[in-house]
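Each chain gets a letter, A, B and so on, in the order its sequence line appears, and its residues count up from 1.
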Amino acid sequence: MNSALLLLHMLVGVFLLGAITHQLVASIPRRAARNGTFIDRYTSVNRTTFTAVVAGLYVAGVVLGAMIYPKYRLDVRVPFEDLGLAWAVGLFEVKEHFAGIGLALLPLYVWLWRPERLQSHRRDRIAVTAILGLIVWNDFLVGHILNNIRGFG
Amino acid sequence: MRLRFSPTVFAVAFSLVYAVVFAFDRPLFRYYPLHGDFNWGNAVIKDAGPAMSWYGFMADSAIVALIAAVLIPDALADRVLRNKVWLIPGAAMLLVVYLLRQFFVGRALG
């Protein structure tokens with residue numbers, strides 16, 4: 001059961017990684033004229049449509065992570081400690097705390113992406129989206145690294 | 001009466017409270033997954049197995065942030081923090097990494 005939840009947690013992470021990266025990259029202003037390159041096509045999406053998907057996937061990822069966290073605490077972290085892998089324990093600590101702060105940013109993130117605030121709150125919107133992107137990338141890579149060291153089995 | 005919720009205040013209050021309760025190790029409760037026990041406050045139960053504080057930090061922060069987000073008007077927060085609000089969760093994240101530095105540069109275990 002825990003392995004299935006871990007797999008689902010990872011798949012949610014993959015979709016979330018794609019969605020928030022796409023939205024963030026498309027939000028960065030570009031000066032160059034659009035000439036149909038891959039980057040032009042990649043960035044010419046309706047950025048606001050990603051918001052609900054990102055928020056939903058983020059919540060799903062945190063809920064799934066919270067469900068499998070006790071299993072990690074008992075069956076993964078304890079062996080890490082026995083092996084003296086302090087850095088691995090530390091990476092997970094950063095991951096969990098970042099995920100928690102990111103969860104609290106979601107209402108603000110959704111609020112900032114409302115059409116009426118696209119001009120007035122531009123810096124906050126890009127910065128909060130970038131922070132969420134950083135959290136998602138960090139947490140995905142850390143989860144992958146830790147699972148490579150010792151998965152649930 | 002209609003309750004108004006300020007996403008700006010919620011994000012700011014949550015980030016600040018989270019950084020403080022984490023820095024001072026003050027979770028609302030701890031969970032002991034070995035036997036499924038909960039314990040209020042930050043006291044550690046001996047012989048209960050490994051403790052988990054994250055749920056308690058989240059509960060602390062969510063409760064305070066929810067109250068603040070309902071009580072403090074969004075217009076006020078927006079006027080003070082517009083286009084600067086991201087600095088507070090960003091600073092909270094940097095503080096968390098700083099507080100966890102012993103895992104990467106020292107001997108945090110055993």
Colleague: As an exercise: rank A/Gly102, A/Pro107, A/Ala104 by heavy-atom pairs under 4.5 Å with chain B and give me the winner.
Modeller: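 Ranked by contacts with chain B, first place is A/Ala104.
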Colleague: At a heavy-atom separation under 4.5 Å, does B/Ala65 approach chain A through its side chain, its backbone, both, or neither?
Modeller: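 Answer is neither: B/Ala65 stays 4.5 Å or more from chain A.
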Colleague: For a quick test of reading the model, state the closest non-hydrogen atom pair linking B/Ala19 to B/Leu95 and the distance between them.
Modeller: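 Residues B/Ala19 and B/Leu95, closest heavy atoms: CB-CD2, 3.7 Å.
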Colleague: I'd like to know whether CZ of A/Arg122 has more than 12 heavy-atom contacts from other residues, nucleotides or ligands below 6.0 angstrom.
Modeller: no
Colleague: Looking only at heavy atoms and a cut-off of under 4.5 Å, which of B/Gly49, B/Ala51, B/Gly90, B/Ala62 has the most pairs with chain A?
Modeller: B/Ala51
Colleague: B/Val85 versus chain A, heavy atoms under 4.5 Å apart: side chain, backbone, both or neither?
Modeller: both
Colleague: So, for A/Phe92 and A/Val142, which heavy atoms are closest and what is the spacing to 0.1 Å?
Modeller: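 Nearest heavy atoms, A/Phe92 then A/Val142: N-CG1, 4.2 Å.
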Colleague: Sort B/Thr8 into side chain, backbone, both or neither according to what part of it lies under 4.5 angstrom from a heavy atom of chain A.
Modeller: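 B/Thr8 touches chain A through backbone and side-chain heavy atoms alike.
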Colleague: Quick one: what part of A/Ile126 sits under 4.5 Å from any heavy atom of chain B, side chain, backbone, both or neither?
Modeller: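 It is neither, since no heavy atom gets under 4.5 Å.
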Colleague: Taking all non-hydrogen atoms of both residues, which atom of B/Ala11 and which atom of A/Leu105 are closest, and how far apart?
Modeller: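 B/Ala11 and A/Leu105 have their closest heavy atoms at CB-CD2, 3.9 Å.
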Colleague: Show the nearest heavy-atom pair for residues A/Val54 and A/Ala19, with the distance to one decimal.
Modeller: CG2-CB, 3.8 Å
Colleague: At a 4.5 Å cut-off on heavy atoms, which part of B/Leu34 comes close to chain A: side chain, backbone, both, or neither?
Modeller: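 Both backbone and side chain.
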Colleague: Who wins among A/Leu103, A/Leu91, A/Val78 for the most heavy-atom pairs under 4.5 Å with chain B?
Modeller: A/Leu91
Colleague: Which bit of A/Ala66 comes within less than 4.5 Å of chain B, counting heavy atoms only: side chain, backbone, both or neither?
Modeller: both
Colleague: Go through the atoms of A/Leu106 and report whether side chain, backbone, both or neither lie under 4.5 Å from a heavy atom of chain B.
Modeller: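 The answer is neither part of A/Leu106.
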Colleague: Just verifying a value: how many Å separate B/Phe38 CZ and B/Met52 CE, rounded to the nearest 0.5 Å?
Modeller: 9.0 Å
Colleague: For B/Phe22, is it the side chain, the backbone, both or neither that has a heavy atom under 4.5 Å from a heavy atom of chain A?
Modeller: side chain
Colleague: Look up atom CG in A/Leu6 and atom OH in A/Tyr72, then write down how far apart they are to the nearest 0.5 Å.
Modeller: 12.5 Å
Colleague: Are any non-hydrogen side-chain atoms of B/Pro7 and B/Asp74 less than 4.5 angstrom apart?
Modeller: yes
Colleague: Identify which of A/Ala88, A/Gly100, A/Ala127 forms the greatest number of heavy-atom pairs closer than 4.5 Å to chain B.
Modeller: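 Result: the option with the highest number of such pairs is A/Gly100.
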Colleague: Find the distance between OG1 (A/Thr21) and CG (A/Leu132) and round it off to the nearest 0.5 Å.
Modeller: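 So the OG1 of A/Thr21 and the CG of A/Leu132 are separated by 11.5 Å.
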Colleague: What part of B/Met93 gets closer than 4.5 Å to chain A, counting heavy atoms only: side chain, backbone, both or neither?
Modeller: both
Colleague: Is the number of heavy atoms from other residues, nucleotides or ligands under 6.0 Å of A/Phe140 CZ greater than 12?
Modeller: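 For A/Phe140, atom CZ is crowded (more than 12 foreign heavy atoms under 6.0 Å).
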Colleague: Go through the atoms of B/Leu81 and report whether side chain, backbone, both or neither lie under 4.5 Å from a heavy atom of chain A.
Modeller: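 Backbone of B/Leu81 only, per the 4.5 Å heavy-atom cut-off to chain A.
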Colleague: Which atoms of A/Leu112 come close to chain B, meaning under 4.5 Å heavy atom to heavy atom: side chain ones, backbone ones, both, or neither?
Modeller: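 Nothing of A/Leu112, per the 4.5 Å heavy-atom cut-off to chain B.
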Colleague: The test is side chain to side chain contact (heavy atoms under 4.5 Å, CB included); show your working for B/Arg30 and B/Ile45 and say whether it passes.
Modeller: CA-CA 9 Å; B/Arg30 287 190 211 275; B/Ile45 306 175; over 6 Å; no
Colleague: Heavy-atom distances under 4.5 Å only: say whether A/Val110 touches chain B with side chain, backbone, both or neither.
Modeller: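 A/Val110 has no heavy atom closer than 4.5 Å to chain B.
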Colleague: Looking only at heavy atoms and a cut-off of under 4.5 Å, which of A/Arg73, A/Arg123, A/His97 has the most pairs with chain B?
Modeller: A/His97
